[in-house]
Amino acid sequence: MKRPLVLFTVFYCSGILLGNLKRFNFWVIIGLALTILCCINIFLKKNRIFLILTSVLTIVAGILSLENYRRVPSSHINNFIGYKSNSLYCLKGFVDSDIETKNNYSEFIFRPEEMRLEKLGWGCCGKVLIRTDCLKDLNYGENLMLIGKLSRPNANVSGYKNYLMRQGIYLTMQIKDLRQVIRLTGKSGNPFLRFSRWLRNKSEAVISSNLEDIPASILSAMILGQRRNIPWLVNDSMVKTGTVHILVVSGFNVGIVAFISNLLLKILRIPRRPRLIFTIICLLIYCFVTGASNPVIRATIMGVIFLCSYFFKREPDIYISLSLAALIILIVNPQQLFDIGFQLSFASVLAIVFVYPRLKNLFGGIFSKIKILQFIYDSSLVSFSAWLGTSGIIMLNFRILSPITVLANILIVPLATLITLAGFTLVLSGAFCPFLTNLFSFPASMLINLLLVLNTKLAKLPFAYFSF
Amino acid sequence: MLDFTPEEKKIILFLLYLGFCGLILSNLIKAWPQTKKLVYPGVELAKVNLNKIGLEEIKRLSLIPPKITRQIIEYRKVHQRFTSLEELKNIKGIGPKRYEKLRSIFFIE
């Protein structure tokens with residue numbers, strides 16, 4: 001078999017799907033897995049049976065992995081709270097996320113390490129979503145003591161409840177008064193994550209101090225993955241034209257980071273091997289700076305695999321790197337398989353990798369003599385392939401079909417590429433030569449302006465999109 | 001000399017283009033302030049003009065219940081136009097939370 005990892009990833013995903021459809025007894029699955037393992041040992045020399053058994057074992061691993069993720073440890077905060085609890089709890093822990101501000105309230109994830117109820121106190125773990133309208137100046141890793149009622153997410157809003165559960169959040173707390181919060185000394189959390197967030201805040205400061213509100217919000221989303229300030233209308237019109245993916249950090253950004261770090265190190269005359277290692281470190285830092293969302297993790301893993309293949313002088317394989325990226329994400333959190341971001345990210349890449357070469361072969365090099373026409377033709381095929389791969393998921397989840405997507409992407413993706421490059425130049429100039437930032441901000445702002453005008457015009461075309 | 005690959009040369013060229021583009025735009029804005037429109041996106045690209053939007057368009061936004069949508073249009077008819085977004089608070093059904101949401105969507109001109 002040429003690519004066994006691809007097959008195992010498919011079986012692992014099937015296991016997760018199966019585990020989601022039906023809940024299996026944990027001990028039965030463990031017994032089944034052990035039996036299969038014994039059988040594999042017996043049939044080690046018979047290739048076909050070995051392959052069948054390992055495939056079944058991978059399915060079982062998928063079921064077990066999901067079951068394991070759903071089970072919370074005995075000290076999990078969820079185990080101490082009744083279904084309807086009106087008691088006032090005192091939680092001691094640290095801020096484990098950024099502060100997301102929506103309208104006039106803020107949200108953040110809190111990791112409790114100790115909880116108290118009246119005079120009783122005990123150690124605990126887990127995550128609690130804190131919603132507040134008075135606390136705003138918080139940072140990742142800050143130690144806090146919070147007093148309030150713990151409640152479960154609204155069961156009527158099933159999509160939201162499931163979304164929180166996928167992140168391992170089962171409880172929420174409202175903070176309406178500053179007297180409910182006691183700030184403690186010291187910092188907790190991962191120092192690497194703290195550094196990544198510091199780097200992101202610095203980059204955001206460079207963008208917001210050099211650009212006006214609207215271009216700054218778009219550039220922050222495109223290169224730092226910070227979408228909180230994107231105006232609703234911009235987001236809505238990009239959803240309608242099927243170009244909202246440009247507001248998400250993706251493989252292209254990861255490629256730029258790899259290229260820039262490699263170039264800088266080359267200028268500094270660093271030898272090839274240390275240069276590759278340092279580029280990998282830069283990619284990992286960038287992944288955390290942008291919030292480590294699914295598309296970025298996928299692109300980072302694929303990028304690291306490609307760099308490693310150069311390191312070990314092996315031929316990189318896109319299908320294997322894509323499978324490995326999916327497998328790593330799903331081993332860490334199997335529930336990500338049901339996340340729309342994960343599905344769209346992998347479906348689009350898979351469609352481009354699989355459908356695009358076939359379409360190109362089918363139609364041949366029609367415009368091979370005229371370079372610009374060939375470029376437009378290739379872009380159309382890539383865009384059409386990605387649209388084919390993602391339109392089903394988009395129709396199911398967002399109830400929108402956008403025939404304009406192919407045309408919009410042909411026009412907008414090259415523009416977004418230029419904006420991303422200009423954005424990276426702006427941020428880097430902010431770090432290395434701040435006197436140039438003002439100069440670089442003008443072209444970036446002009447390109448964003450052009451992007452918005454173009455997108456608005458495309459969304460207003462007749463039959464651009466159908467919502468149902 | 002540093003031996004740059006063709007790709008690296010393209011990046012250096014891109015930086016030069018970007019720098020010159022910035023210089024030209026900066027000079028243009030100083031000489032003809034009206035060219036600002038070329039560089040900075042207008043508010044109408046990111047927000048909806050509350051004094052111009054029609055009933056069907058608000059409905060299509062599917063952000064506000066139809067009853068409140070009708071009340072907004074009626075309020076505009078009675079008062080000719082909205083003079084500030086704060087006036088939205090006078091409409092029954094628009095509380096502080098909804099107002100905050102609408103404030104980020106509409107603008108007044």
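Residue numbering restarts at 1 for every chain, and letters A, B, ... go by the order of the sequence lines.
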Chain A contacts, top residue of B:Gly22, B:Cys21, B:Gly42 (heavy-atom pairs, under 4.5 Å)
B:Gly22
Mark yes when over 12 heavy atoms from residues, nucleotides or ligands other than A:Phe278 sit less than 6.0 Å from its CZ; otherwise mark no.
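Open.
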Could you tell me whether A:Phe466 atom CZ has more than 12 heavy atoms of other residues or ligands within 6.0 Å of it?
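Check passes, neighbour count above 12.
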With chain B, which of [options] has the greatest number of heavy-atom pairs at distances under 4.5 Å?
options	answer
A:Pro443, A:Ser237, A:Pro231	A:Pro443
A:Ile214, A:Leu421, A:Ile448	A:Leu421
A:Ile260, A:Leu263, A:Leu439	A:Leu439

Roughly how far apart are [X] [atom1] and [Y] [atom2], rounded to 0.5 Å?
X	Y	atom1	atom2	result
B:Glu100	A:Tyr105	CD	OH	11.5 Å
B:Ser26	A:Asn438	OG	CG	6.5 Å
B:Tyr17	A:Thr425	OH	OG1	15.0 Å

Take B:Val48 and A:Leu233 through the test side-chain contact (heavy atoms from CB on, under 4.5 Å) and record every step on the way to the result.
CA-CA 8 Å; B:Val48 182; A:Leu233 195 67; 3.7 Å; yes
With the side chain counted from C-beta on, respond yes when B:Pro41 and A:Pro215 share a heavy-atom pair under 4.5 Å apart, and no when they do not.
yes
Salt bridge (Lys or Arg N to Asp or Glu O under 4.0 Å): which pairs involve residues 218-247 of chain A, sequence neighbours left out?
A:Glu204-A:Arg228, A:Asp236-A:Lys240
For [X], which atoms come within 4.5 Å of any heavy atom of chain B: side chain, backbone, both, or neither?
X	answer
A:Leu211	neither
A:Leu436	neither
A:Leu452	both

Region of [X] in contact with chain A, defined by heavy-atom distances below 4.5 Å:
X	value
B:Leu18	both
B:Leu15	both
B:Phe14	side chain

The criterion is salt bridge (charged side-chain N to carboxylate O under 4.0 Å, His left out); which residues satisfy it with A:Asp213, sequence neighbours excluded?
none
Take B:Leu28 and A:Phe442, measure what side-chain contact (heavy atoms from CB on, under 4.5 Å) needs, and give me the verdict at the end.
CA-CA 11 Å; B:Leu28 268 178; A:Phe442 288 108; over 6 Å; no
Scanning both residues in full, the closest heavy-atom pair of A:Val234 with B:Leu45 reads CG2-O, 3.8 Å
Under the 3.5 angstrom rule, does the side chain of A:Ser445 hit a backbone N or O of B:Val39 as a donor-acceptor pair?
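Side chain of A:Ser445 to backbone of B:Val39, a donor-acceptor pair under 3.5 Å: yes, one is there.
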Mind running side-chain contact (heavy atoms from CB on, under 4.5 Å) on A:Asn449 and B:Tyr40 for me, showing each step along the way?
CA-CA 6 Å; A:Asn449 189 16; B:Tyr40 303 113; 6.0 Å; no
